[in-house]
Amino acid sequence: MKTMKMISKYFGISILILLFISCDDDSDLAIKRVASPVTIDVISSNTSEITATVLELDKSGILDNSVGVVSNAVPGLVLEVFASGISVGTFTTNSDGKVIVTYVGTKPNEFAGTHKGVAFRIKK
């Protein structure tokens, strides 16, 4: 009886070790994960219009509690906006980093573009 408990204990530990080793490296993934260079805040203005604000996070002051992370608007950024995977159009952010998207039917929920050489696609 003690032998069976020891075998199952060591078998369980061996399985956990194999899981940690196999999940440690993501180099074999088909798509490399890259953090988005921007974040997008979406507000429904009314039933057929949304306002999306594009912000870049400045983390240079993260270790200084009097500064912290600062959100800066991204003006002049070209965004392609999608609703259920279908392009609604291409929009450029204004000086406040905002775009206003009017739509009929499905509410836009995806935003794609390139900022500082990094392509992104954000679902909201």
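Using modelled atom types, no side-chain atom of Thr106 and backbone atom of Ala83 make a donor-acceptor pair closer than 3.5 Å. Not one N or O on the side chain of Ser36 forms a donor-acceptor pair closer than 3.5 Å with the backbone of Phe120. Remark: side-chain polar atoms of Lys116 are not paired, donor with acceptor, to backbone N or O of Pro37 under 3.5 angstrom.
Residues Ile62 and Leu57 are members of one and the same hydrophobic cluster, defined by side-chain heavy-atom contacts under 4.5 angstrom among Ile, Leu, Val, Met, Phe, Trp and Tyr. Hydrophobic clustering (ILVMFWY, side-chain heavy atoms < 4.5 Å, transitive): Val54 and Tyr103 are in one cluster. Both Val69 and Leu63 are assigned to one and the same hydrophobic cluster, defined by single-linkage of ILVMFWY side chains at heavy-atom distances under 4.5 Å. Linking ILVMFWY side-chain heavy atoms closer than 4.5 Å, directly or via other members, places Leu77 and Leu55 in two distinct hydrophobic clusters. By the criterion of side-chain heavy atoms lying less than 4.5 angstrom apart, applied directly or through intervening Ile, Leu, Val, Met, Phe, Trp or Tyr residues, Phe82 is not grouped with Leu79; the two fall into different hydrophobic clusters.
Counting all heavy atoms, side chain and backbone alike, Val38 lies closest to Ile122 at O-CD1, 3.6 Å. Nearest heavy-atom pair, Ile40 versus Ala52, reported as atom, atom and distance to 0.1 Å: CG2-CB, 4.0 Å. In this structure, Pro108 and Val88 approach most closely via the heavy-atom pair CG-CG2, 4.3 Å. Scanning all heavy atoms of the two residues, the minimum distance from Asn46 to Ser48 falls at OD1-N, 2.9 Å.
Glu49 CD to Thr102 OG1: the interatomic distance, rounded to the nearest 0.5 Å, is 6.5 Å.
Residues Lys98 and Thr53 have side chains in contact (heavy-atom distance under 4.5 Å, counting atoms from C-beta outward).
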* What's the verdict on side-chain contact (heavy atoms from CB on, under 4.5 Å) for Asn109 and Lys123, showing C-alpha distance, side-chain angles and the deciding distance? -> CA-CA 6 Å; Asn109 62 347; Lys123 283 190 165 191; 5.7 Å; no

